[in-house]
Structure formats: C-alpha cells, structure tokens
Amino acid sequence: MRLLSRYLAVSLARPFLILSLCLFTIMMLERALRLIQEMAMLGMPIGHLAPMLASLAPAYLNLAIPAALGSALTLIIAQMATGREIEAMAGNGLSLGRIARPLIAASLLVAMLSLVVGGWGEPFGRHGWRTTRVAALNASRIQNYQPGALYRPDAHTLLMADRIAGEGFGGLFLSALDADGQAFAATGRTGRVRVDAQTGAMTVTLNDGLMLADRPTDTRTVQFDALEIVQPLTLDQAVWARGRDHKELTLPELIARRSAQHGTTRDAYDAEILSRLMRALSLPFVPLIILPLILATPPARRGVAIFIAVTLIISTHHGINFAKNLGAVGEARPLAAMAVVATAMLTVTAAIWLAGRGQPGPSRLNMLGRIDVLGNLRLRAGQPHAPALPGHTLASYLAWQAGKYALVVLVSLTLLLQLVDVIDNGERLVRRHADFADFLSYLGLRLPRVLLQAIPVAALAGPLFAFARMRSTEEMTAIQAGGISPFAMLKMLWPVPLLLGLLLLFVSEVAQPPAELRFARWWHATDPNPDSDSDTGPRWFRIGPDLVMAGGARADGRAMTAVTIFRRTAEGDLLSRTSTPVMHKVAQGWLMAPSRQWTPQGVRTRPETLWPVPLTPDAVIREFRTVPAITAREARRALDANSLATRAPAWYETRIQLALSTPFGPLVMLLLAMPIIFAGQRGGSLVRSMFVAGFVGLSFLVADGLCRVLALTGQIPALAGAWAAPVLFGLVALWLLLGAERITRNP
C-alpha cells in the first residue's frame, strides 16, 4: 500500500509543479504587462519593473497554488480513469476512500505551502510592493520628458515644452505655486530644466519670456530676458515600518496584535486571519470533489464534471474573499461570515462524496455522464467537419481542433484573471455595499480588459494543446505520412489566427474604450463618498493652441468648473489667459460663463463666450476619471488637435500603429506553436517541446510589451515599438518552420 500511496503522490507532484509554474508565469506576465502600461503612463523608470514584480510574486504564487492543485488532480484522475488504473485498484479491493487518502495527504502538504506563502510571504510582498512603487514614482524625473507631454511632478506643478531646442527646450511653460502659496504661470521661448537628485528640487531656467503672478487683489505681469525658478517637489514617503496596514503583517503578528485592537479594526484583523487559514484548509477537500465527479463521467463527456468541479473551487475562494471583505468593513461578524462559507463548502463536498462513494461503478453521480451540452459541437464520423471550409475536410478538422482548444483556454484564463481581479478589488466593492448585480456589472465592464490579456495566451495555448493531443494520438504522424508540409498545415489553420486577430481588434477598438468609460461612470456613481475620489482633482490638457486647466467636471462630462485657458503662439509667447467659473457643452462647442481675461493690453471682463473646440463630454470623463483606453481614431483626433491631449505625440502615434500590428499577434503565436508537430521526430520530449514553445510565446508577449513602453515614452520610433516584436518573432518562427519542412522532405 505504501507503493500505491507513493505512486499517487508522485503522479500528482509533477503536473502540480508544472502547472503551478505555468499559471504563476501567466499571472505574473499579465501583471507585468499592466505594470508596464502604468509605468509608461506615469513616467516611472523601467529599472523599477523587476523589484515591483518580485514584490508581487508571493501574492500571485498564492493564487496559482490552488488552481494548479485542482488542475493537476483533474488531469491525473482523468488519465487514471481512462487507462483503467482506478478499476484495477478497485479490483484489488481498494475503496474510493483508500484511493483518495494519498491525494488528501498530498493536498495537505500543498495547504501547508499555501499557508506559508499567504501567511508570511505575501505580507512581506505587499510591503515591498508599496515601498517600491512609491520609490518608482519619486524617481520619475524630468530626464525622460517628451516635448508635448504634460509633466506633473506633484499636484501643484505643471511643466510643458513644445520642442527640443539644443540642449534645452523651446516653448517652455510652467505653472506652480510660489513660497506664499499663490499661483503663477511663466513662459519662455527657450529654457532648461534640471532636477537635484538629492533634494528633489526642480530648477527651471526660462529665457525671453513672461510671468503672471496672481495676488489677492490683482495679477502682476513681469517680462524678463532670463528667469530661474527653483520649485521644491513634494515627494511621497518612500519607506515606512511594515505593519502600517494590517495586510502587511504575518499570521503570527496578526494574532499577536489582535487583542490590542477594537471595533472595526479588530474585525479587520479577524477577517484577515480567518481568510488566510480558510484558503489553506479548503485545499484538502479538493480531491473529495474532483475524484467522484471525474469517475462518474465517460471521457467524451467529462467536461460537465470538470465544469462543476472548477465552479465549486472558484466559488469557495470567492466566498472566502467575500466573507473576509464583509468582516473587514464591519458588514458582518468575521467568524459568522466565514462559518457560513465553511458550512456550505463542507455540505457540498459531503454531498458529492456520499453520492459518488460507489465509484468506480454505479452511483448517483453517473447521471452526469448523460449530460451532453456540447453534443452539437462534437464532430462525429459521417458528419462534415464544421465550422466551415467547404470541400476541405482535413483543413476543417485541423482548424476546428486548434480553435476549440483556443476557446477553452480563452474561457478558462478569462475566468481565472477575473477571479484575480475580484480578489484584488473585493474589499472596495464591499465598501460600496455591492450586491450580486453589482458584482456582475463589475465583471462585465472589466471583461474587455481581461480579454485583451487572455486572447494572446489562448492563441498560443490552443494550437499547442491541439497539436500535443494529435501528436500523442498519432494523428499528426498520419497527417505527415500523407505528405502534408508545415506550410500546408499553416494554410489550413488560417481561420484560427484570423478570428482571434479580428477579436483582438474588435475588443481594443470597439469594446474596451466605451466599457472603460462606462466602468468609470458606474464606479463613480456607486461610490458612497464621491468627494473622496482622487480623480476629481484639477486636470490639465491641450487642445489645439490652448493649454487648459479645469478644477472639476460634472459626472456626465457636459460641464467643467474653475476653468483657465492659456493661449500661446507657436514660439511659446503667452497671448491670453481666460478664467471662468463654469462652462457647459453646447452644439457649437463650450459656452463659458462670464469670464476674466488677461492679455498684454490689460485685464477685462467678458460676457458669455463660445469656446469653439471639438471637445466631447466622453473625452472629459476619460480625463477626469483617468481612463487611459482610447481608440486609434481618438488618438488620430488628438494628433490633429480635434480632441484633448495630455501625452506626447509619440504616445498617440504608437497607439495608431498598435491598432495595425495587434491583430497579427495570434498569427505569430500559431507559428511559434507549430514546431511541436515535429517533437517526436526530433527526439525531444513532448512536454519539453510544449514548455519551450510556451516560454518563447510568453517571451514574445514580454518583448512586445517592452517595445510598446519604449515607443509610448518616445525612446524608439512608434513604428518600431509596434512592429519590432511581431516581425522578429514571426521571422524566427518561420525559420523554424522552414527547418521543419526540410526535415519532412528529407527524412
């Protein structure tokens, strides 16, 4: 019996480790891509990427461990059931409970690992992430400034330059507060900017310019040949003692400090302790769910059992997270909320185990084998190999297999990433008193963003799994024996990357920008304390020849308050400054309330005036709610001065190029997956070939993300940033395919 226990444990260990690594890598990659985009938007030095990702690693490892355990259990139990190993064990007098015992013991070891990672590693990672991110924000200095971008080193300072002029800038504009807290604005035809690395003070030198200094009674105008302004910058506290947030405390520290807390703070401590324990303690029950469910269904209809098992595991973790958030904000007693989740989990697990205790053999769970929800999609003998390629049976079959697996990976990965997203933001949702409908709204509005992350991975994993299955069942050997070359297969598989590329284009250009906008509106509307929203502060943007500061905006974007408009010449000279308390959107533009206007000739009061600019309310909402997602069309409008702009032209040029290059990503992924077809012929292991293909595919995503950041920040041309990675990795994949074709023709 020890031999059997060792066999089951070893069979589980290998796929668990591989899947843990794969899931952890995918989640870290997804987070890296999001972090890269954030760093590009905030101007953080790219050197801070690795430390920030390292700080996040424990949190994502703790998420990968339960998913990997469930996937590994499903995989090995399904293999043993298909190979009739379970029947052989039962034939030797082993009950289902005896078979499950080694799997439960292995799950207990995994639970201990999860407890260590979640109880000790994750708190240190949270503290490291926050301190590292603040350090990166403080390090985002003017050295990486791009002309045309609005640089805001702190809440009260704005700097913009129109162009590079020698070793400095041309058309320099600075708005800040002086030592008395009064606002001033200064312009110069040329100038230089430098930042003291020790003090963080910014020194701006302006030549041949003008300064407007606001005073309580008037506005002073000063013309100068040369002016030097030293502007101290407010830096965030970069280092603090771990424990400022209770989530930064290890499990023993939480328990030790719990007794000294009171009220909702003590509830937050209790919720954190119980959630960490519950996540680990739930893992040993996973085999009791998966084992009877998998054995109850035949291989052809095992998807129903897998779906039920995955749903129950995800629901358990959602329930633990929801109970934790309810307890943390004082909506429920932490112990009572967690007890409800534990009772539900134990009840469902016991019901499944008792219903399937007759396995292998007749049991009440055998009814799952009669459920065939995918019956209309399964290809059978004598049926055409849909979805379409009339007259090309083999082409339809190959495309269908690759597309089917890509769809399965896409759905699974989307659910996983949405689970991660909800866990990250669950407490904020509970604080908003979100009900079930609100959670569904949140998931629906965030779906396009998740799809953009999941589609490229599905484009790689789908064909990879399809080819691996066909390689293991010798189908690929039969296809190759028929003289089908790699490029002939590529011609047959073209519908898969085409559809995925079109889906990427649709999501990025049609679905995501309006969904992000609706999410921003919904998030603001459901905020119980909207005045605390940090996104409602003053905003700066460019539109045409005008540089605009707006203190606030109405929720629908059809009105802006405390607006100041600076109009300048092409050389950077200030022509006028107009200040109005409010302006409203009208058909011809924006109607300004009576305003005060400064010009070199003096100050005058103006009646209601039309500001004829093509600025839409949606663009205003995007800016005030910090919604970075825009379409390529909107990027073109910003370049043509028909919409507001806050970034350098290189950012918008790169966004346009990305709309053209992104749909080719799935084709590159297919090319990278195809060498696995020849894994057996070249003597390599199938698993090793899949790992190499997956690693190269993920490397493509990372390289593509880095190229995008470099282009968005103006360090390389937009054309290179959008196309370098797809072209380079595509050529490498084609070279590998050419080599594979030569091997096929000359065995």
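Note: hydrogens, waters and symmetry copies are ignored here, and every other heavy atom, side chains too, is used. Throughout, numbering of the chain's residues begins at 1 and tracks the sequence.
- Of all non-hydrogen atoms in Pro448 and Leu445, the two that sit nearest each other are CD-O, 3.6 Å.
- To the nearest 0.5 Å, atom CG of residue Leu417 and atom CZ of residue Arg449 are 12.0 Å apart.
- Between Ile164 and Pro147, the closest side-chain pair of non-hydrogen atoms falls below 4.5 Å.
- In this structure a side-chain-to-backbone donor-acceptor pair under 3.5 Å is present from Asp556 to Arg558.
- Residue pairs meeting the salt bridge (charged side-chain N to carboxylate O under 4.0 Å, His left out) criterion with at least one partner in residues 202-212, sequence neighbours excluded, are Arg189-Asp208.
- The OG1 atom of Thr631 sits 12.0 Å away from atom CZ of Arg636, with the distance rounded to the nearest 0.5 Å.
- Closest non-hydrogen pair, Pro51 versus Thr132, comes out as CB-CG2, 3.7 Å.
- Across every non-hydrogen atom of Ile455 and Leu500, the tightest pair is CG2-O, 3.9 Å.
- When the options Asp573, Asp546, Asp162 are evaluated for a salt bridge (Lys or Arg N to Asp or Glu O under 4.0 Å) with Arg568, the one that passes is Asp162.
- Looking at heavy atoms from C-beta onward, Thr205 lies in side-chain contact with Arg194 at the 4.5 angstrom threshold.
- The side-chain heavy atoms of Ile229 and Thr203, taken from C-beta on, include no pair separated by under 4.5 Å.
- Side chain of Gln418 to backbone of Val450: no donor-acceptor contact under 3.5 angstrom is found.
- In this structure the side chain of Ile565 reaches within 4.5 angstrom of the side chain of Met592, judged on heavy atoms.
- In this structure, Arg31 contributes its side chain and Tyr60 its backbone to no donor-acceptor pair below 3.5 Å.
- Side-chain atoms of Thr580 come within 3.5 Å of backbone atoms of Ala593 as a donor-acceptor pair (strictly under, hydrogens ignored).
- Side-chain atoms of Thr131 never come within 3.5 Å of backbone atoms of Trp129 as a donor-acceptor pair (strictly under, hydrogens ignored).
- Closest approach of Ala635 to Ile656, counting heavy atoms only: CB-CG1, 3.9 Å.
- Not a single donor-acceptor pair under 3.5 Å links the side chain of Trp540 to the backbone N or O of Leu150.
- Electrostatic pairing of Arg163 and Glu571 does not count as a salt bridge here, judged by no charged N lying under 4.0 Å from a carboxylate O.
- Closest approach of Gly148 and Pro649 over heavy atoms only: CA-CD, 4.3 Å.
- Between atom CG of residue Leu177 and atom OG1 of residue Thr157 there is a gap of 7.0 Å, rounded to the nearest 0.5 Å.
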Donor-acceptor pairs under 3.5 angstrom involving side-chain atoms of residues 721-733: please list them, not counting sequence neighbours.
residue: Trp723; atom: NE1; partner: Gln657; partner atom: OE1; Å: 3.1

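- In this structure the side chain of Phe541 reaches within 4.5 angstrom of the side chain of Leu615, judged on heavy atoms.
- A distance-only check finds no donor-acceptor pair linking the side chain of Arg596 to the backbone of Arg577 [under 3.5 Å].
- Residue Arg220 places its CZ atom among 12 or fewer non-hydrogen atoms of other residues, nucleotides or ligands, all under 6.0 Å distant.
- With sequence neighbours left out, the ring pair (Phe, Tyr, Trp, His ring centres under 6.0 Å) criterion links Tyr652 to no other residue.
- Side-chain contact between Leu574 and Trp598 is present, with at least one heavy-atom pair separated by less than 4.5 Å.
- Classification of the Tyr442-Trp522 ring pair by plane angle, with boundaries at 30° and 60°, yields tilted.
- For Arg633, the CZ atom counts as loosely surrounded, since its 6.0 Å shell holds 12 or fewer non-hydrogen atoms of other residues, nucleotides or ligands.
- A distance of 10.0 Å separates CE in Met211 from CG in Leu206, rounded to the nearest 0.5 Å.
- Distance check: Gln597 CD to Thr605 OG1 gives 10.0 Å after rounding to the nearest 0.5 Å.
- Side chain of Arg637 to backbone of Asn642: a donor-acceptor contact under 3.5 angstrom is found.
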*Please step through side chain to side chain contact (heavy atoms under 4.5 Å, CB included) for the pair Val510 and Leu505, ending with a clear verdict.*
CA-CA 8 Å; Val510 179; Leu505 185 64; over 6 Å; no
*Let me see the working for Leu451 and Leu410 under side chain to side chain contact (heavy atoms under 4.5 Å, CB included), right down to the final yes or no.*
CA-CA 8 Å; Leu451 285 175; Leu410 178 60; 4.1 Å; yes
*Verdict with reasoning, Arg539 to Leu644, per side chain to side chain contact (heavy atoms under 4.5 Å, CB included)*: CA-CA 11 Å; Arg539 289 290 187 269; Leu644 65 82; over 6 Å; no
*Run the numbers on Leu460 and Val457 for side chain to side chain contact (heavy atoms under 4.5 Å, CB included), then give the verdict.*
CA-CA 5 Å; Leu460 171 69; Val457 179; 5.8 Å; no
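- With salt bridges taken as basic N to acidic carboxylate O contacts below 4.0 Å, none links Glu623 and Arg647.
- Side-chain atoms of Glu608 never come within 3.5 Å of backbone atoms of Leu591 as a donor-acceptor pair (strictly under, hydrogens ignored).
- Scanning all heavy atoms of the two residues, the minimum distance from His584 to Val582 falls at NE2-CG2, 3.7 Å.
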*Checking side-chain hydrogen bond (donor to acceptor under 3.5 Å, both in side chains) for the pair Trp611/Thr578: CA distance, chi angles, key distance, verdict?*
CA-CA 11 Å; Trp611 185 37; Thr578 305; over 6 Å; no
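- The neighbour count for Phe664 CZ, taken as heavy atoms of other residues, nucleotides or ligands under 6.0 Å away, does not exceed 12.
- Atom OG1 in Thr662 sits 8.5 Å away from atom CG in Leu452 (nearest 0.5 Å).
- Checking side-chain atoms of Arg622 against main-chain N and O of Ile630 turns up no donor-acceptor pair under 3.5 Å.
- In this structure, the side chains of Leu227 and Val204 stay at 4.5 Å or more apart for every pair of heavy atoms.
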